[in-house]
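Here's the structure, in structure tokens; my notes come after.
The basis for the numbers below is simple: all heavy atoms, side chains too, and nothing from hydrogens, waters or symmetry mates.
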Amino acid sequence: ALPFFYFDNVHSQKITQLFSLLLACGNLYLLYLLCKKRLENTLVRNISFLLAVSLHSFVTFSLYVSNDTLAYFIGTWIFYALHNYIRKPDVKNEVIIAALLGLGLLTKGTFLAFGPPLGLVVILSLWKKEVPVKVIVGRLVLFGVVTFLLGSYKYLEHFYAEHRFIAHNI
């Protein structure tokens with residue numbers, strides 16, 4: 001939301017709020033697609049979607065000027081891409097997940113916890129297809145390189161400025 005913040009002024013942050021609202025709508029659309037693909041029963045699908053829409057944190061952070069709405073959007077997009085990857089484990093889908101994870105790392109440090117499970121999904125998906133170990137290691141390295149190239153900027157900047165990778169205000 002930072003580039004949009006430059007269009008706002010001190011008294012009104014409507015442009016940034018609009019960006020957050022658009023991200024929240026995009027998140028709802030991705031949740032709708034996930035529900036549609038994963039849940040056969042219409043009643044269960046509608047109730048699940050209604051629960052997601054009425055979550056306090058989703059509603060609250062939709063119009064805040066923060067990176068939470070972007071983090072929700074990228075997190076949901078990762079799960080959507082993961083669903084596609086599990087159905088078709090190929091290099092393209094791995095790179096998409098790695099790129100989304102890298103963007104998530106730029107957005108919020110919470111995505112650090114996503115790395116190991118996503119790497120494990122890559123390993124297990126390829127192992128289940130009986131792919132040779134050398135190929136699995138190569139694709140895992142590609143996954144890590146794409147994630148590192150996209151997601152390491154803020155952590156390296158923190159290390160350069162404060163001599164630690166994770167900077168916080170505690």
Side-chain angles (χ1 to χ4, degrees), residues 1-5 13-131 135-136 138-151:
L2 187 59
F4 288 90
F5 186 71
Q13 298 176 344
K14 294 300 179 193
I15 301 291
T16 306
Q17 285 180 334
L18 177 66
F19 179 65
S20 291
L21 182 63
L22 291 175
L23 285 173
C25 290
N27 192 12
L28 284 177
Y29 180 69
L30 287 173
L31 286 171
Y32 164 76
L33 291 177
L34 275 171
C35 286
K36 189 174 177 183
K37 286 184 175 186
R38 295 297 306 152
L39 303 172
E40 298 291 327
N41 188 324
T42 307
L43 180 63
V44 172
R45 183 180 350 164
N46 290 341
I47 290 173
S48 299
F49 188 72
L50 183 63
L51 283 172
V53 168
S54 61
L55 281 174
H56 173 268
S57 58
F58 185 78
V59 173
T60 302
F61 291 115
S62 293
L63 288 178
Y64 277 174
V65 178
S66 74
N67 59 351
D68 289 326
T69 308
L70 181 58
Y72 290 158
F73 178 72
I74 290 175
T76 305
W77 199 357
I78 286 174
F79 280 105
Y80 181 75
L82 187 62
H83 171 72
N84 292 337
Y85 175 73
I86 290 171
R87 287 185 23 213
K88 185 182 175 191
D90 60 357
V91 176
K92 176 187 153 202
N93 285 328
E94 285 169 13
V95 170
I96 289 171
I97 293 172
L100 288 170
L101 180 58
L103 292 174
L105 287 170
L106 286 177
T107 304
K108 203 162 183 142
T110 307
F111 285 95
L112 284 170
F114 279 45
L118 289 174
L120 190 61
V121 167
V122 169
I123 292 169
L124 293 176
S125 297
L126 296 175
W127 181 63
K128 185 179 176 187
K129 283 180 56 177
E130 299 179 0
V131 174
V135 175
I136 293 174
R139 292 195 25 195
L140 190 61
V141 167
L142 174 66
F143 183 86
V145 166
V146 171
T147 301
F148 179 79
L149 287 176
L150 286 174

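- Between Pro116 and Leu120 the shortest side-chain heavy-atom distance does not fall below 4.5 Å.
- Of the candidates Leu118, Leu34, Ile96, Leu100, Leu82 forms a side chain to side chain contact (heavy atoms under 4.5 Å, CB included) with just one, namely Leu118.
- Counting heavy atoms of neighbouring residues, nucleotides and ligands inside a 6.0 Å radius, atom CZ of Phe79 does not exceed 12 of them.
- The number of heavy atoms from other shown groups lying within 6.0 Å of NZ (Lys36) does not exceed 12.
- For the pair Val95 and Val146, the tightest heavy-atom approach, listed with the atom from each and the gap, is O-CG1, 4.2 Å.
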**Request:** Test side chain to side chain contact (heavy atoms under 4.5 Å, CB included) on Leu23 and Tyr72 and set out the steps.
**Result:** CA-CA 9 Å; Leu23 285 173; Tyr72 290 158; over 6 Å; no

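- Legend: ring-ring contact (aromatic ring centres under 6.0 Å, His included) pairs involving residues 81-113, not counting sequence neighbours, sorted by first then second residue: Phe111-Phe114.
- Separation of atoms CG (Leu142) and CZ (Arg139) is listed at 8.5 Å; rounding is to 0.5 Å.
- Between Lys129 and Val135, the closest side-chain pair of non-hydrogen atoms is not below 4.5 Å.
- Residue Phe73 holds its CZ atom at 15.0 Å from CG of Asp68, rounded to the nearest 0.5 Å.
- Put simply, CH2 on Trp77 and CG on Leu33 are 12.0 Å apart, with the number rounded to the nearest 0.5 Å.
- Of all heavy-atom pairs between Phe143 and Glu94, the closest is CD1-O, 3.6 Å.
- When all heavy atoms of Ala52 and Leu31 are compared, the pair lying nearest together is CB-CD1, 3.9 Å.
- Of all the heavy atoms in Pro89 and Leu126, the pair that sits closest is O-CD2, 4.4 Å.
- In this structure, OG1 on Thr147 lies 11.0 Å from CG on Leu112, to the nearest 0.5 angstrom.
- Lys88 pairs by the salt bridge (Lys or Arg N to Asp or Glu O under 4.0 Å) definition with Asp90, not counting sequence neighbours.
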**Request:** Apply side chain to side chain contact (heavy atoms under 4.5 Å, CB included) to Asn84 and Lys92, showing your working.
**Result:** CA-CA 11 Å; Asn84 292 337; Lys92 176 187 153 202; over 6 Å; no

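- Note that SG of Cys35 is 10.5 Å distant from CG of Leu50, once rounded to the nearest 0.5 Å.
- Atoms CG and CD1, from Leu140 and Ile136 in turn, are 9.0 Å apart once rounded to the nearest 0.5 Å.
- Using a 4.5 Å heavy-atom cutoff, the side chains of Phe49 and Leu39 are not in contact.
- Side chains of Leu105 and Leu150 form no contact here, defined as non-hydrogen atoms less than 4.5 Å apart.
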